[in-house]
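Quick note: numbers below take in every heavy atom, side chains included, and nothing from hydrogens, waters or symmetry partners. Note on naming: letters A, B, ... go to the chains in the order of the sequence lines (proteins, then strands), and numbering restarts at 1 for each one.
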There are 2 protein chains.
Amino acid sequence: MDNLNPCVKSMEYVLSGPLVTRAAAIEKELEQGAKKPFKEVINAVTGDRQAMGQPPITFTRQVLALVSYPELIKYSNFPDDVKERATFLLTGCSGGSTGSYSEASGVEIVRRRVAEFIEERDGFSSNWQDIILCAGASTGIKAVLKLLDCETSGLKTGVMVPIPHYPLFPAVIAEFNNMQQMNYYLDESNGWAISIKELKRALNDTKGTCKPRALVVVNPGNPTGQVLTKNTIREIINFAYEEGLFLIADEVHQQNIYDNNSEFHSFKKVLMEMGLPYSKMELASFMSSSKGYMGECGMRGGYAEVINLQSGVKAMYLKSISANLCSTVLGQIAMDCVVKPPEPGGSSYKLFVREKNSILKMLTENAKIAVNAFNSIEGMSCNAVQGAVYAFPQIYLPSNAIETAKQKQMHPDEYYASQLLENAGISIVPGSGFGQKDGTYHFRTTILLPSAKLKAMLQILRKFHEDFLKKQQ
Amino acid sequence: MDNLNPCVKSMEYVLSGPLVTRAAAIEKELEQGAKKPFKEVINAVTGDRQAMGQPPITFTRQVLALVSYPELIKYSNFPDDVKERATFLLTGCSGGSTGSYSEASGVEIVRRRVAEFIEERDGFSSNWQDIILCAGASTGIKAVLKLLDCETSGLKTGVMVPIPHYPLFPAVIAEFNNMQQMNYYLDESNGWAISIKELKRALNDTKGTCKPRALVVVNPGNPTGQVLTKNTIREIINFAYEEGLFLIADEVHQQNIYDNNSEFHSFKKVLMEMGLPYSKMELASFMSSSKGYMGECGMRGGYAEVINLQSGVKAMYLKSISANLCSTVLGQIAMDCVVKPPEPGGSSYKLFVREKNSILKMLTENAKIAVNAFNSIEGMSCNAVQGAVYAFPQIYLPSNAIETAKQKQMHPDEYYASQLLENAGISIVPGSGFGQKDGTYHFRTTILLPSAKLKAMLQILRKFHEDFLKKQQ
């Protein structure tokens with residue numbers, strides 16, 4: 001243990017922490033007939049739509065079946081556009097097979113299609129050679145941050161990360177030897193907005209302790225669910241330009257927007273709209289097949305669009321990912337279905353639209369259901385979930401609950417979450433795992449549960465919370 | 001560029017080097033009608049069976065199709081054992097879908113099956129909780145080495161690596177800040193054998209420059225094709241025990257044995273046979289869906305069996321892989337088909353055996369064809385290819401060829417390889433990319449080409465080599 005990588009030791013990752021492990025254990029206990037105040041564990045931890053029992057998009061799965069077993073293209077009656085898609089994708093695979101390696105950066109025709117998707121989305125050109133297909137956004141983010149892991153005149157690389165944040169970022173940063181996390185706080189009182197004043201505050205407070213090199217923005221927000229306005233994005237880009245920061249935009253939830261007054265604007269688009277000198281800034285944007293209405297988490301599809309790198313740096317980036325050979329080809333094909341869904345007139349189109357709309361309709365309802373419920377519970381408040389797939393309510397905890405937690409050497413909201421799990425069978429993630437202002441307490445819940453189940457969970461939670469507060473009095 | 005991760009800068013990976021890039025460029029030139037002394041580029045670089053146009057194992061692909069699109073289980077006439085396998089595997093996926101995340105360590109029922117495979121192979125028990133499913137062996141190897149990336153009383157971690165070696169190892173080691181490669185040479189004059197004398201030599205020569213912590217062994221050898229005898233493995237284990245080294249066994253080619261007098265023995269098995277204290281040594285063994293007769297490279301299936309870790313270290317290991325969420329679930333399912341192929345009596349059995357045998361028969365022939373050809377060419381010699389999927393002949397290069405290379409600032413065998421590519425359209429990997437004794441020159445060629453194509457390539461190569469020698473006189 002003494003000879004273990006210290007970065008691995010210090011790294012923390014709440015989504016696989018003790019509470020998640022405990023929830024799994026309780027499920028097994030229930031299977032084995034243990035008596036509990038509840039019949040099942042409701043898992044509200046992950047942003048994993050299909051784990052919640054929701055069906056995948058038929059088109060994607062039919063394409064995956066055909067590229068896995070091409071005999072089906074000849075001898076089955078799958079829709080024409082599915083057969084065409086599968087046939088076309090196989091022409092891009094070496095030896096016409098998904099069983100051969102692709103280039104480290106991915107299958108060229110898929111990379112080209114991602115570029116087309118971005119062009120259509122933003123109205124600005126995208127170079128397919130700036131597209132790197134990766135196994136989910138996570139590996140892509142890691143590969144880009146790795147480039148920045150270096151000492152500059154004795155100082156570690158500083159990476160600005162939002163608080164609260166998606167826990168992947170601190171986990172990855174912690175694993176690098178020469179990287180330091182610089183926290184900037186989202187403004188809960190203002191719908192988790194990002195303020196330039198706060199970005200400057202974060203920068204100044206760490207002056208001299210590291211060399212600020214990159215700014216991470218998660219839009220739509222995870223766990224916070226806010227969607228950035230174009231104006232805010234402009235201000236952020238301007239700030240990053242002035243400070244010479246590499247922009248790292250986690251935009252994996254770009255297809256999950258629920259609020260009628262909110263719209264997704266990619267950093268790439270706004271950067272281009274702003275023109276020179278901004279349009280020449282280094283930017284990495286990440287997308288995944290795991291989110292949106294697809295929710296193909298297990299397929300591990302994703303892409304990074306990395307623009308304006310010096311050619312030498314670009315070459316190093318490609319070299320550094322090449323030792324991993326390539327990301328899963330079937331995951332790349334799942335990504336192809338994300339960026340190029342069935343088209344009007346195609347035989348899969350109607351079904352696709354029906355499936356897509358029913359999912360997004362349900363999530364839009366769930367977002368409202370969850371937020372309204374939390375705001376109607378005494379001692380809870382929750383900002384609107386404008387996008388992404390989580391709600392992040394603040395919970396009021398009485399002082400003696402906080403005291404009890406401290407005695408148990410737990411974060412107060414971790415203690416709350418463990419009580420919720422043990423007494424009500426609801427598994428959520430304590431806010432302390434995402435970071436939060438001192439003295440405030442939160443938890444993250446997914447809104448991906450089927451609406452009926454979500455409502456049931458919220459009622460159980462309301463009951464638990466009221467009892468919890470009573471007990472503490 | 002100055003602020004780029006220095007480890008990334010220094011890292012080298014021959015399999016995506018300039019020659020590979022050049023080969024791809026030449027292919028495009030030919031497509032565009034360029035006139036060359038050859039009509040096609042013969043790619044003999046990768047160990048990618050399906051890229052060479054060989055079909056996959058039908059059973060694997062049928063299972064993948066069904067778990068991708070489960071409707072096929074109900075409404076199609078796939079073989080019963082395929083339907084049963086797909087149905088069973090889906091019970092192990094959250095929400096019964098391959099689109100949901102698995103645990104970071106993989107789907108439990110697949111991990112259990114890997115353990116059964118190992119027990120059957122070795123005759124010793126295997127704990128499914130020691131099995132980590134990973135996206136090909138590469139990510140698994142990286143994750144284990146990462147644990148050892150630390151400074152011990154001012155010294156970097158030393159990792160013993162064979163020369164010649166699979167280039168992944170130096171690439172990975174170079175990316176870690178506190179790791180140093182310690183080279184030990186395989187004995188070409190003795191069929192690329194590993195001698196304990198040489199291991200001790202390597203250890204002594206680096207005394208004081210690093211803290212030796214791990215010993216990497218690749219068996220069957222890549223690029224060298226030797227298969228270790230049980231006696232050699234015993235000696236290696238004994239050496240590792242005396243020196244307190246973590247054993248890292250790359251055994252991805254364990255199902256590729258061609259020589260009648262050779263047999264694959266896993267390090268795990270020999271360790272257990274040797275009993276205490278050896279059976280308590282830390283060992284990581286790696287397997288992949290990319291090799292063997294399956295050759296499912298693009299699926300990115302693989303596993304690591306990691307035994308005898310302290311529970312604390314084990315926990316840190318699991319934590320460190322958890323931030324990547326999980327490896328591709330379809331890749332895990334490909335791995336399931338590797339460790340649990342169709343069984344006698346099952347409706348897929350006969351076809352499977354036919355497919356498997358024809359592949360292994362072809363590879364066995366190819367191994368002989370290649371070695372005989374190289375040994376019959378003036379100025380070339382090649383050890384027997386007992387296993388794996390490559391031949392690694394030594395080539396004699398006249399002094400003026402070496403001189404020309406130096407003027408071009410190329411390794412002599414890199415110059416040879418580039419000449420072979422430009423004049424004969426054959427793409428191979430120069431030995432300098434794998435490491436070799438100073439003053440010796442080699443190249444690696446795959447033996448995965450269809451036999452006819454392999455023979456054609458060998459004739460072109462013979463002709464080129466003779467002309468090359470003439471020119472240099």
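Among the candidates A:G331, A:A174, A:C326, the residue making the largest number of heavy-atom pairs closer than 4.5 Å to chain B is A:C326. Taking chain A as the reference chain and counting heavy-atom pairs below 4.5 Å, the highest number among B:I141, B:L147, B:V329 is found for B:L147. Across A:T328, A:L309, A:L168, the residue that shares the most heavy-atom pairs under 4.5 angstrom with chain B is A:T328. Chosen from B:T46, B:T60, B:L64, B:D149, the residue pairing most often with chain A at heavy-atom distances under 4.5 Å is B:D149. No other option in A:V63, A:T98, A:L330, A:T152 has as many heavy-atom pairs under 4.5 Å with chain B as A:T98. Contact tally against chain B (heavy-atom pairs below 4.5 Å) for A:R213, A:E151, A:E296: the top residue is A:R213. Of the listed residues A:G295, A:G96, A:A315, A:S100, the one with more heavy-atom pairs under 4.5 angstrom with chain B than any other is A:S100. Per-residue counts of heavy-atom pairs under 4.5 Å with chain B were compared for A:T157, A:L148, A:N5; the largest is that of A:N5. Considering only heavy-atom pairs separated by less than 4.5 Å from chain A, the leading option among B:A51, B:S138, B:A135, B:P6 is B:A51. Counting heavy-atom pairs closer than 4.5 Å to chain A, the top residue among B:P56, B:A24, B:S322 is B:S322. Here B:G312 is the residue among B:C93, B:G312, B:G53, B:S76 with the most heavy-atom pairs under 4.5 Å with chain A. Per-residue heavy-atom pair counts under 4.5 Å with chain A were compared for B:G95, B:G301, B:G298, and the maximum is reached by B:G298.
Residue B:K211: no heavy atom, backbone or side chain, is found under 4.5 Å from chain A. Neither the backbone nor the side chain of A:R49 comes within less than 4.5 Å of any heavy atom in chain B. Both the backbone and the side chain of A:S320 come within less than 4.5 Å of a heavy atom in chain B. Only the side chain of A:F78 comes within less than 4.5 Å of a heavy atom of chain B; its backbone N, CA, C and O stay farther away. Residue A:Q310 touches chain B through its side chain alone, counting heavy-atom pairs closer than 4.5 Å. A:Y166 touches chain B through its side chain: at least one heavy atom from C-beta onward sits under 4.5 Å away, while N, CA, C and O do not. When heavy atoms are compared at a cutoff of 4.5 Å, B:M316 approaches chain A by way of both its backbone and its side chain. Using a 4.5 Å cut-off between heavy atoms, A:S327 touches chain B through its backbone atoms (N, CA, C, O) alone. Contacts of B:Q62 with chain A are made by both backbone and side-chain atoms, with heavy-atom separations under 4.5 Å. In this structure, the portions of A:M299 lying under 4.5 Å from any heavy atom of chain B include both its backbone and its side chain. The contact between A:V67 and chain B is made entirely by backbone atoms, counting heavy-atom distances below 4.5 Å. Residue A:E71: no heavy atom, backbone or side chain, is found under 4.5 Å from chain B.
Dense packing is recorded around CD of A:E355, with more than 12 heavy atoms of other residues, nucleotides or ligands lying under 6.0 Å away. No more than 12 heavy atoms of other residues, nucleotides or ligands lie within 6.0 Å of CD in A:E103, so this atom counts as exposed by the packing criterion.
Closest heavy-atom contact between A:L4 and B:V313: CD1-CG1, 3.9 Å. Between A:L72 and B:A65 the shortest heavy-atom distance is CD1-CB, 4.1 Å. For the residue pair B:N177 and A:N178, the shortest heavy atom distance occurs at OD1-ND2, 3.6 Å.
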Test B:K28 against A:E108 for salt bridge (Lys or Arg N to Asp or Glu O under 4.0 Å), laying out the working first.
CA-CA 13 Å; B:K28 293 213 160 169; A:E108 178 175 326; 3.5 Å; yes
With side chain to side chain contact (heavy atoms under 4.5 Å, CB included) as the test, would you mind laying out the steps for A:R300 and B:L325 before giving the verdict?
CA-CA 9 Å; A:R300 315 307 290 121; B:L325 298 164; 3.9 Å; yes
For A:Y69 and B:T58, what are the C-alpha separation, side-chain angles and deciding distance, and is it a side chain to side chain contact (heavy atoms under 4.5 Å, CB included)?
CA-CA 8 Å; A:Y69 188 57; B:T58 302; 4.0 Å; yes
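For the residue pair B:S97 and A:R61, a side-chain donor N or O sits within less than 3.5 Å of a side-chain acceptor on the partner.
Rounding to the nearest 0.5 angstrom, the gap separating the OG atom in A:S94 from the CG atom in B:N43 is 8.5 Å.
Remark: side-chain polar atoms of B:D48 are paired, donor with acceptor, to backbone N or O of A:Y101 under 3.5 angstrom.
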